[in-house]
Amino acid sequence: MELNEIIVSRAIIDRFARKFSQSLELDAAIVGAGPSGLVASYYLARAKAKVSLFERKMSVGGGMWGGGMLFNEIVIQEEAKPILDEFGVSTEKFREGYYTADSVETVSMLCAAACRAGVKIFNGISVEDLMVREESVVGLVINWTAVEMAGLHVDPLAVKAKFVVDATGHSAELVRVLEKKNRITLKTPLRNFQGERSLWAESAEPSTVENTGEIYPGLYVAGMAVNATIGGHRMGPIFGGMLFSGKKVARVLLDRLGIGK
Ligand code: 48F
């Protein structure tokens, strides 16, 4: 077979355009492909919700690859083990209640499961703003990360979504941009963005899961963005809370979408 570079180029352009175009109107737009975003998108797609995941970097996995201080192992609590089992991730008991997993295997398996379930992942795309209508978030404002990095003045494109999930981790970027640009109050105890507190895993892990939910009409928080928003603590390289938070936000959104009832 003789290779034709123009066919290669056309294949990429056509296929990407089809995928992108099909993602312009979604049930759920997840922002941030760390553990909470990957898990949330997987459960949504598995239940047949139309879901895409937008990630600023080229790579998915967020803060999981590096384990703790680049020692590429993660720790999970025993309660979270069934979730990793479901994704086919190998875990090993360390002490009573504590399990470890290889962080590279974990990210790879979460990502593979999300793709297989039907999640469309858009890497290299940054969400720079939100679409807001009548006091409700109705979608994303996106641009290439390369454009953002180069500081080019290029107008963005928009994605409509019934629900948006801020799974951007410590920076909670969507919540912050929403608050900064609009005169709004958030559904937090103090009605505004709090910023995260210092390391305290015992407090941070349950708080992440309990407070996963809608922070403003149409906008949900999951993962570390939850604690950053409400002023909860950080937890370090223990990941049960991230997995449970992703699973919880998917369940809540499926209820709201009326899917899987
Ligand atoms: O930080 P990250 O892994 O979020 P997470 O799911 O997990 C947190 C843990 O990794 C760890 C921890 C708990 O053990 O404290 O830090 O809450 O992943 C967030 C992803 O969001 C991307 C970012 O590149 C990262 O991969 N991201 C951040 N802002 C944007 C974004 C944005 N504006 N647009 C697109 N992606």
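Just so you know, ligand 1 is whichever comes first in the structure, and atom 1 is the first atom listed for that ligand. What you see below is based on every heavy atom in this structure, not just the backbone, and it leaves out hydrogens, waters and symmetry mates.
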Give the numbers and elements of all ligand 1 atoms closer than 4.0 Å to a heavy atom of [X].
X: G62; answer: 3 (O), 18 (O), 25 (C), 26 (O)
X: G63; answer: 2 (P), 3 (O), 10 (O)
X: I125; answer: 35 (C)
X: S36; answer: 5 (P), 6 (O), 17 (O)
X: V31; answer: 34 (N), 35 (C)
X: F54; answer: 35 (C), 36 (N)
X: G223; answer: 17 (O)
X: I238; answer: 14 (O)

| query | Okay, side chain of N143, backbone of E148: is any donor-acceptor separation there less than 3.5 Å? | reply |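 Not at all, since once roles are kept as given, no pair shorter than 3.5 Å links the two residues.
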| request: Check for a donor-acceptor pair, side chain of E55 on one end and backbone N or O of K57 on the other, with a separation under 3.5 Å. | output: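 Judged by distance alone, yes, a pair lies under 3.5 Å.
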| From F163 atom CZ to L44 atom CG, the distance as rounded to the nearest 0.5 Å |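 Going from the CZ atom of F163 to the CG atom of L44 covers 10.5 Å.
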| request: Hey, could you give me the CD/OG distance between E205 and S245, rounded to the nearest 0.5 Å? | output: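 If we round to the nearest 0.5 Å, E205:CD and S245:OG are 10.0 Å apart.
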| message | Give me each pair satisfying salt bridge (Lys or Arg N to Asp or Glu O under 4.0 Å) with a member in residues 97-117, each pair once, sequence neighbours excluded. | response |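 Listed by first then second residue: nothing to list.
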What residue and atom, counting heavy atoms only, is the protein's closest point to [atom], and at what distance?
atom: atom 22 (C) of ligand 1; value: E55 OE1, 3.3 Å
atom: atom 14 (O) of ligand 1; value: G236 O, 2.9 Å
atom: atom 34 (N) of ligand 1; value: V127 N, 3.0 Å
atom: atom 17 (O) of ligand 1; value: M224 N, 2.8 Å
atom: atom 16 (O) of ligand 1; value: H170 NE2, 3.1 Å
atom: atom 18 (O) of ligand 1; value: G34 CA, 3.4 Å
atom: atom 13 (C) of ligand 1; value: M235 SD, 3.2 Å
atom: atom 1 (O) of ligand 1; value: G169 CA, 3.7 Å

| Remaining members of M149's ILVMFWY cluster at a side-chain heavy-atom cut-off under 4.5 Å? |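 Other cluster members: none.
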Between [X] and [Y], does any side-chain donor sit less than 3.5 Å from a side-chain acceptor?
X: E196; Y: H233; answer: no
X: E2; Y: N4; answer: no
X: T91; Y: K81; answer: yes

Quick one: look at [X] and ligand 1, take heavy-atom pairs under 4.0 Å, and tell me if it's side chain, backbone, both or neither.
X: E173; result: side chain
X: S245; result: neither
X: M242; result: side chain

| said: Below 30° counts as parallel, above 60° as perpendicular, anything between as tilted: where do the rings of Y43 and F87 land? | reply: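 Perpendicular: the ring planes of Y43 and F87 meet at over 60°.
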| query | Between E86 and R46, is there a side-chain N and carboxylate O pair less than 4.0 Å apart? | reply |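 Between R46 and E86 there is a salt bridge, with a charged N closer than 4.0 Å to a carboxylate O.
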